[in-house]
Amino acid sequence: MLDVKYVTSNLEEVERKLKRRGATLDLEPLRALAERRAALVTAIQEKRTAINAANADMGKLAKAGDKAGLEARRAELREISGAIKPAEDELASIEAELEKQLLFIPNIPDDSVPDGASSDDNPIVRTWGEKPVFDFTPKSHWEIGEALGAMDFDRAAKISGARFSVLSGPLARLERALIDFMLDIHTRDHGYTEVSPPYLVTRETMTGTGQLPKFEEDAFKTVNPELFLIPTAEVPVTNLYRDEILEGARLPIALTAYTPCFRSEAGSYGKDTRGLIRQHQFHKVELVRFVHPEQSAEEHEKLTSHAGEILKRLGLHYRVAALCTGDMGFASAKTYDLEVWLPGQNAYREISSCSNFGDFQSRRANIRFRETPKDKPRLVHTLNGSGLAVGRTLVAILENCQEADGSVRIPGALQPYMNGLSRITVPAG
RNA sequence: GGAGAGGUGGCCGAGCGGUUGAAGGCGCCUGACUCGAAAUCAGGUUUACCGGCAACGGUAACGUGGGUUCGAAUCCCACCCUCUCCGCCA
C-alpha cells in the first residue's frame, strides 16, 4: 500500500511512475477523498472538544448533586452530541473507500528498474556456469521421471485432477534431500533462522503481503472457517511481525521457511500443462528479510546471492534477469528472477524470484521498528525470494544431469543428503 | 463437540457510568548520591492523526464492531481470540 500523504501531495509523480508499470491510474478521486477526510477530521475534532468540555462540567454538577442543573443542560448537550453522528458516519465511509482504493494500487517501481512491457524486455544482468553439452537429445524431465518409474501424473490426476503430480522412490527422496540441503545452507552459511509456519492463513494475513484483495482468484481457500492456502511462505512469514514495533538492533531479521505452496493458476490455462513446472501444489524454501529502509537495496542484492548460491552448489547453469516495470509483481518495487537452464525445454525458466517490497508490505501489515528506544517508529522494508522452488530444482537436476541411458547423476553437494547415492538409475525390466 | 473463565499500557495488575491515557508494581530512560556499581531518592516512559518552527495544545484508541447515555475501560448485543476441565483425535 502506498502512503496517502505521499500520493496526494505528489499526484503527478506517482501517476507517472505507476504508468511505467502499464498501470494507468487516475488518482484524482483519491486526492478528493483525502481532502474531504481532512475536513471532516478537523470538524469532528472541534465538536468533540466542545462536547468534552461540557461533559467535564456535567461531571462536576453530578458530583455536586445539582440535579436541576444537570437536567437543564442535558437537552442542549443531546443536540450537540447528536449533530456529530452524521459527520462521523461520513468519515467512516470515506476512510473505508480510501483504504479500498489504496489496497488496489500497485507498488511504485524503484528508479533503477528498467522500462518494459513484458518478460521479453527483462535485461540479463549476469549469468553463472555454462549450458551442459549432450551427445544425445536431452529429454524433458517428465520423460526422465516416468522412465525412472518415479514420477506419475496419471495417478495424480486420478486422485486430485489436473496440475498435480506424485513423486515416488528416488525422486520423492530427492525432493526431501533438496529441502534439507537448501535449509541447511541458508541456516548454516547465510545466517537465516528456520521457521515452520501455518499453511492456512486469514484474509487479513493475505492482505498484509498484497495477495488480497486484488488476486483472490489465484488462491485456494477453505470454507467455514474461511482460510487461504498459502501461495508462498512469504505470506505467513512476513506477517509474523504484523502490528509490531521491532527493536532496531534486531535488524536485519532473516528467516527461511520450507512450505508447500498452493496456487489456482487461474488464467494460465494451456501454459506449461506438462510436467512439474506449473502445479497447483509445489514445495518451496523461502527467504524473508526485514531490513532497515536505508539498507534494502544492498539487502536485496545479498538475498539474491543467497538464492543463487544454491544453484551454484548444485552446479546448475543460470542467469539473473532484472524484471522490467511491466513484468513485476503487484507489491514489488524491484525484482530479480533467477532463471535456470533446462536442456529438456531448451529454455531458461524462473526458479527463484527475489523482490524488494520497500515499505509497501510493511505499511499494509503495519510492521515497524525503532532505531533506538527513543526514536519514532518507522516502517521496515521487507524482502523475499525463493531459495529455491524445490520442484523446479528437481526438474533442473533431472534435465541437466541426465545421461544417455536414462539415469540421472546426483550433484556432489546433494549426495550426503541422499545417503551417498551418486546416481538414480532406470529400474531393470 | 460440551462446560466454565478471561481479554486493560513493554510486562504484571487495579478500575466496573463522570478531569481515568488509565492507580500500584516490574522493566526501561534521565538526574542526584558514588572512584564506579548496587541500593536509595527525584523526574520521565504508548500509538495514530490534526494544529504549531518549536515548546506545546487538541482528537481518538482499554480484543473487534455496533448500541444505550449529556458522558462508557466501566451497562447491553454480536463477533473474534486466549486459557481451564470433559469428550474426540495426528
Side-chain angles (χ1 to χ4, degrees), chain A residues 1-9 30-31 33-100 102-103 196-208 212 221-228 236 239-251 253 259-260 359 362-380:
Chain A
M1 189 162 70
L2 302 179
D3 181 10
V4 208
K5 262 194 212 158
Y6 173 70
V7 172
T8 52
S9 51
L30 203 73
R31 198 198 53 74
L33 280 171
E35 198 168 77
R36 179 68 186 142
R37 183 185 59 170
L40 282 168
V41 164
T42 305
I44 288 170
Q45 284 192 3
E46 279 168 5
K47 284 204 182 84
R48 278 255 168 254
T49 307
I51 293 171
N52 287 346
N55 281 333
D57 287 346
M58 291 292 275
K60 280 177 196 154
L61 290 178
K63 253 188 183 161
D66 184 353
K67 288 240 167 77
L70 229 47
E71 268 319 312
R73 298 206 61 190
R74 184 165 291 156
E76 172 196 345
L77 285 180
R78 183 177 302 150
E79 207 157 309
I80 303 178
S81 199
I84 210 172
K85 185 83 169 103
E88 283 180 335
D89 287 347
E90 190 191 350
L91 179 63
S93 78
I94 285 197
E95 290 197 319
E97 179 60 26
L98 201 54
E99 170 94 351
K100 192 180 143 200
L102 281 169
L103 285 173
S196 177
Y199 307 152
L200 291 167
V201 297
T202 60
R203 177 172 287 277
E204 194 183 3
T205 298
M206 288 284 276
T207 305
L212 293 183
K221 66 176 178 187
T222 64
V223 183
N224 193 32
E226 181 193 68
L227 289 170
F228 294 82
N239 275 279
L240 233 33
Y241 296 116
R242 189 172 74 224
D243 295 322
E244 291 193 34
I245 301 174
L246 305 164
E247 286 172 38
R250 286 183 63 192
L251 300 182
I253 294 174
T259 70
D359 60 15
S362 58
R363 186 173 294 106
R364 284 176 167 244
N366 192 29
I367 307 169
R368 296 174 294 172
F369 78 104
R370 227 189 283 270
E371 188 111 43
T372 75
K374 294 195 160 179
D375 288 312
K376 285 246 141 220
R378 297 174 62 190
L379 294 168
V380 302

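Chain naming here is simple, since letters A, B, ... match the order of the sequence lines and numbering starts at 1 in each. What you see is a predicted model; the values in this text were computed from it and never measured.
- Taking atom CG of residue A:Asp375 and atom P of nucleotide B:C29, one finds them 15 Å apart after rounding to whole Å.
- In this entry B:G36 has no Watson-Crick or G-U wobble partner, no candidate having both defining distances under 3.5 Å.
- Scanning for salt bridge (Lys or Arg N to Asp or Glu O under 4.0 Å) contacts around A:Glu35 gives A:Arg31, with sequence neighbours left out.
- When the C1' atom is compared between B:C88 and B:G2, the two are found 11 Å apart, to the nearest whole Å.
- Between B:U74 and B:C62, the two C1' atoms lie 10 Å apart (nearest whole Å).
- Base pairing annotation: B:C28 forms a Watson-Crick or G-U wobble pair with B:G44, both donor-acceptor distances under 3.5 Å.
- B:C49 sits 46 Å from B:U34 when the C1' atoms are compared, rounded to a whole Å.
- More than 12 heavy-atom neighbours from other residues, nucleotides or ligands sit within 6.0 angstrom of CD on A:Glu226.
- What separates CG of A:Leu91 from C1' of B:A48 is a distance of 14 Å, to the nearest Å.
- Between A:Arg370 and the phosphate of B:G10, there is no side-chain N or O to OP1/OP2 separation shorter than 4.0 Å.
- Side-chain atoms of A:Val380 and A:Asp359, non-hydrogen and from C-beta on, never get closer than 4.5 Å to each other.
- B:C88 makes up no base pair with any nucleotide shown, lacking Watson-Crick or G-U wobble contacts both under 3.5 Å.
- Of the candidate nucleotides B:U47, B:U59, B:C49, B:C49 has the atom lying nearest to any side-chain atom of A:Val41.
- Nearest to the side chain of A:Arg48, among B:A60, B:G18, B:U47, sits B:A60.
- Under 4.0 angstrom from either OP1 or OP2 of B:C70 there lies at least one side-chain N or O belonging to A:Arg78.
- Among B:A60, B:G18, B:G58, the nucleotide with an atom closest to any side-chain atom of A:Asn52 is B:A60.
- Rounded to whole Å, the separation between the C1' atoms of B:A48 and B:A14 comes to 27 Å.
- Taking the P atom of each, B:A3 and B:A60 are spaced 40 Å apart, rounded to whole Å.
- With a 3.5 Å ceiling on both atom-pair distances, B:C53 lacks any Watson-Crick or G-U wobble partner.
- Side-chain proximity of A:Lys5 to B:C50, B:G18, B:A60: nearest is B:C50.
- Proximity note for A:Lys85 (side chain, C-beta onward) versus B:G67, B:U19, B:C50: the nearest is B:G67.
- Under a cut-off of 6.0 angstrom, the local environment of CD in A:Glu247 is sparse, with at most 12 non-hydrogen atoms contributed by other residues, nucleotides or ligands.
- The distance between atom CD of A:Glu46 and atom P of B:U59, rounded to the nearest whole Å, is 11 Å.
- When side chains are defined from C-beta on, A:Leu103 counts as touching A:Arg364, because their heavy atoms get closer than 4.5 Å.
- Straight-line distance between the P atoms of B:G65 and B:A61: roughly 10 Å, to the nearest whole Å.
- Comparing B:A22 with B:U45, their P atoms are spaced 10 Å from each other, to the whole Å.
- Shown here, B:C83 forms a base pair with B:G4; the pair counts as Watson-Crick or G-U wobble because both key distances fall under 3.5 Å.
- In this structure, B:A22 forms no base pair with any nucleotide, since neither Watson-Crick nor G-U wobble geometry is met with both distances under 3.5 Å.
- Between A:Ile51 atom CD1 and B:G58 atom C1' there is a gap of 14 Å when expressed in whole angstrom units.
- Checking the phosphate oxygens (OP1, OP2) of B:G71, a side-chain nitrogen or oxygen of A:Ser81 falls inside 4.0 Å.
- Taking the side chain of A:Pro377 as heavy atoms from C-beta on, and the options B:A48, B:C70, B:C49, the nearest nucleotide is B:A48.
- Across all strands shown, A:Lys67 has no heavy atoms under 4.0 Å from either base or sugar-phosphate atoms.
- Distance from the side chain of A:Lys376 is smallest to B:A48 among B:A60, B:A48, B:C50.
- For A:Lys374, whose side chain is taken as the heavy atoms from C-beta onward, the closest listed nucleotide among B:C29, B:U47, B:G58 is B:C29.
- Across the strands present, B:A78 finds its partner in B:U64; the criterion is a Watson-Crick or G-U wobble pair with both atom distances under 3.5 angstrom.
- When rounded to the nearest whole Å, the span between CG of A:Asn55 and P of B:A72 equals 7 Å.
- Along RNA chain B, the nucleotide closest to A:Arg74 and the one closest to A:Leu70 are compared, and the more 5′ of them pairs with A:Leu70.
- The side-chain heavy atoms of A:Lys221 and A:Met206, taken from C-beta on, include no pair separated by under 4.5 Å.
- For A:Glu88, the salt bridge (Lys or Arg N to Asp or Glu O under 4.0 Å) test picks out A:Arg48, with sequence neighbours left out.
- Note: CG (A:Leu61) to P (B:U19) measures 14 Å, nearest angstrom.
- Contact annotation for A:Ala56: no contact, since no heavy-atom pair falls under 4.0 Å across all strands.
- Summarising the geometry, the separation between CZ on A:Arg368 and P on B:U47 is reported as 8 Å, rounded to the nearest angstrom.
- Searching all strands for a Watson-Crick or G-U wobble partner of B:A14 with both distances below 3.5 Å returns nothing.
- Set against B:U47, B:A60, B:C49, the side chain of A:Gln45 has B:C49 as its closest nucleotide.
- Nearest-nucleotide positions on RNA chain B place A:Lys60 closer to the 5' end than the other of A:Ile245 and A:Lys60.
- Atom pair A:Glu79:CD and B:G71:P shows a separation of 13 Å (rounding to whole Å applied).
- Distance check on atom C1': B:G17 versus B:U69 gives 9 Å, rounded to whole Å.
- Two residues are said to be in side-chain contact when any heavy atoms from C-beta on lie closer than 4.5 Å; A:Ile51 and A:Leu77 fail this criterion.
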